[in-house]
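Here the structure comes first, spelled out in structure tokens, and everything after it is commentary.
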2 protein chains.
Amino acid sequence: MARLPLYLRALTGLAERGVATVSSEELAASAGVNSAKLRKDLSYLGSYGTRGVGYEVDFLRHQISREIGLTQDWSVVIVGIGNLGHALANYGGFASRGFRIAALVDADPKRAGEEVAGLQVRHADELEDLIQQLRISIGVVATPARAAQTVCDRLVAAGVTSILNFAPAIVQVRDGVDLRKVDLSTELQILAYHEQRKNGAALALTAEQAAELAEAVNG
Amino acid sequence: MARLPLYLRALTGLAERGVATVSSEELAASAGVNSAKLRKDLSYLGSYGTRGVGYEVDFLRHQISREIGLTQDWSVVIVGIGNLGHALANYGGFASRGFRIAALVDADPKRAGEEVAGLQVRHADELEDLIQQLRISIGVVATPARAAQTVCDRLVAAGVTSILNFAPAIVQVRDGVDLRKVDLSTELQILAYHEQRKNGAALALTAEQAAELAEAVNG
DNA sequence: TTATGTGAAGGCCTTCACAGCG
DNA sequence: CGCTGTGAAGGCCTTCACATAA
């Protein structure tokens, strides 16, 4: 269930503020969802609430963590150590949530040996060995679009069954492999679509106008 | 419609390979969706196909671009020039798709003046001025979680009505403002959830095991 | 009395299957 | 004859509303 991480984060926030008990109404509000939906979601995990009272924050947190599988560590390899790969490697939110960035890999031999986020960047040739030795189960693809399919194929062949793809490419994997996609320009395009319908494109610019404004402001 | 960018990308790929005409079946395959779904989606834009033949690639590409609003440029501000902000600023996929990164803003005075991706980083105090002067309509938030709500409030107050939030925080905005969220650790958690169910956690590690392996391989 | 857990209703999106057009 | 465009069926997810338990 894709909303569990959301609830978990809301619960963590409550726990940090010392809240011990929370109602479905309150928790739903801080997660930004409907309270009935939240109750139905939680009911699939079991009856962890108390009628007339609510949910115990710490207990529920633990149950959700266990359900998601965060009571174990997962080893992750990041493939492609460009700007985005750097950002991902340095992103603090992973380690604190049960994900261990175990290896960084790049196809550029000049990058191999470079240290990023306390790890040595390895050359792409070593990908299969690293996956096996470090028992990596999750691959993060931050390569250019043209390399994405090949990288995914190699990850799958080496035994990885979960991939998070940041490359702006449509990648096919065999059944049984989970592939999630994060596409930055798609997200912006969806925003632009709504934006256009909102204000009648009042804020849309021609390329020339935009360049002029940039010149004027940025010098 | 959230799938239009996907179709657009598939069509661009076909155009680059010199394909002039494509059937719903083929296009759906390269976009990774059902062909009936694709035809229904496209039918909302108008009757742009030819029965018995298919769709003209270039023509359809233009229609979708227009529908999304990519025939105009949109000015974007990135708030928070840490690792992720850097990566976003340098990401080539934006400019080529109608998005112009017009300003970079950071709360750290030491960062102000620094040049990133050919733009000077401005101090957060200037946010409102920049939005007005550059006619910015889209804000990208790449700040730490604790700053996200304040930044979004300021963006909205200054007239921004579309926000893409990368901060791992639940942010509330008033009606009429579009807020999309990209949450890296949520994505990994969803993968972990499926991973756990797939192989009976065979690849899950305790923190100790993971550390041992890392030691052995990375030295 | 209060707030959970859950049938039932409703709405949205996907998929089927084929009429109809080129 | 082939493939689009689309009514209709089906399934999934959300929301309502209340019986039920503390």
Side-chain angles (χ1 to χ4, degrees), chain A residues 1-8 10-11 14 19-64 67-68 170 175 178-181 186 190 193-194 197, chain B residues 1-8 10-11 14 19-64 67-68 170 175 178-181 186 190 193-194 197:
Chain A
M1 192 71 65
R3 282 185 298 267
L4 291 181
L6 198 66
Y7 302 153
L8 188 56
L11 285 166
L14 291 169
V19 179
T21 289
V22 68
S23 72
S24 65
E25 201 79 44
E26 296 166 311
L27 183 53
S30 53
V33 302
N34 181 296
S35 71
K37 186 178 350 192
L38 178 131
R39 288 200 300 278
K40 186 144 285 199
D41 286 347
L42 295 185
S43 76
Y44 286 107
L45 314 187
S47 281
Y48 293 144
T50 309
R51 296 177 190 226
V53 179
Y55 300 90
E56 208 194 315
V57 172
D58 278 335
F59 181 68
L60 187 55
R61 215 148 68 100
H62 183 242
Q63 294 304 327
I64 295 179
E67 183 74 13
I68 298 180
I170 294 142
D175 276 9
D178 268 289
L179 176 67
R180 295 189 65 86
K181 210 180 102 179
T186 294
I190 294 169
Y193 174 86
H194 294 298
R197 266 151 195 69
Chain B
M1 191 70 65
R3 283 184 298 267
L4 291 181
L6 198 67
Y7 302 154
L8 188 56
L11 285 166
L14 292 168
V19 179
T21 290
V22 68
S23 72
S24 66
E25 201 78 45
E26 296 166 312
L27 183 53
S30 52
V33 302
N34 181 296
S35 71
K37 187 178 347 191
L38 178 131
R39 288 200 301 278
K40 186 145 287 199
D41 286 347
L42 294 185
S43 75
Y44 286 108
L45 314 187
S47 280
Y48 294 144
T50 309
R51 294 174 192 232
V53 180
Y55 300 90
E56 208 194 315
V57 172
D58 279 334
F59 180 68
L60 187 55
R61 216 149 65 103
H62 183 245
Q63 295 303 327
I64 294 179
E67 183 74 14
I68 298 181
I170 294 142
D175 275 9
D178 268 290
L179 176 66
R180 295 188 65 85
K181 209 180 104 179
T186 294
I190 294 170
Y193 174 86
H194 294 298
R197 265 150 198 69

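Excluded from the calculations below are hydrogen atoms, water molecules and symmetry mates; all remaining heavy atoms, backbone and side chain alike, are included. Each chain gets a letter, A, B and so on, in the order the sequences are listed, and its residues count up from 1.
When the side-chain nitrogen and oxygen atoms of A:S23 are compared with OP1 and OP2 of C:dA3, none of them lie within a distance under 4.0 Å. Proximity of A:K40 to the phosphate of C:dT6: no side-chain N or O atom is located under 4.0 Å from OP1 or OP2. For the OP1/OP2 pair of C:dC16 and a distance below 4.0 Å, the side-chain nitrogens and oxygens of B:N34 include at least one atom meeting the criterion. Regarding contacts with the backbone of C:dT4, a side-chain N or O of A:S24 is found under 4.0 angstrom from either OP1 or OP2.
Scanning atom types as modelled, no donor and acceptor separated by under 3.5 angstrom connect the side chain of B:R51 and the base of D:dG2.
Distance B:L60 CG to D:dT4 P: 11 Å, rounded to the nearest Å. When the P atom of D:dC3 is taken as reference, atom CG of B:L42 falls 16 Å away, rounded to whole Å. Summarising the geometry, the separation between OH on B:Y44 and C1' on C:dT14 is reported as 11 Å, rounded to the nearest angstrom. Note: CD (B:E26) to C1' (D:dG2) measures 12 Å, nearest angstrom. Atom P of nucleotide D:dT15 and atom CD of A:E25 are separated by 13 Å, given to the nearest angstrom.
DNA chain D is contacted by both A:D41 and A:V53; A:D41 maps to the nucleotide lying nearer its 5′ end (nearest heavy atom per residue).
Using a 4.0 Å heavy-atom criterion, one finds that A:Y48 contacts the sugar-phosphate atoms exclusively.
The side chain of A:S43 has C:dT6 as its nearest neighbour among D:dT14, D:dT6, C:dT6. In this structure, the nucleotide among C:dT15, D:dT15, D:dG5 sitting nearest to the side chain of A:K37 is D:dT15. Candidate nucleotides D:dA8, D:dA17, D:dT14 were compared by shortest atom distance to the side chain of A:R39, and D:dA17 ranks first. Of the candidate nucleotides D:dT14, C:dT14, D:dT15, D:dT14 has the atom nearest to the side chain of A:R3.
Proximity of A:P5 to A:I68: side-chain heavy atoms (C-beta onward) are separated by under 4.5 Å at one or more points. A:Y55 is listed as a side-chain neighbour of A:R39, based on a closest heavy-atom distance under 4.5 Å. Side-chain atoms of B:Y7 and B:V33, non-hydrogen and from C-beta on, do get closer than 4.5 Å to each other.
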Inset, instruction - Determine, stepwise, if the pair A:L27 / A:L60 fulfils side-chain contact (heavy atoms from CB on, under 4.5 Å). - result: CA-CA 11 Å; A:L27 183 53; A:L60 187 55; 4.1 Å; yes
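One finds the OG1 atom of B:T186 at 5.0 Å from the NZ atom of B:K181 (value rounded to the nearest 0.5 Å).
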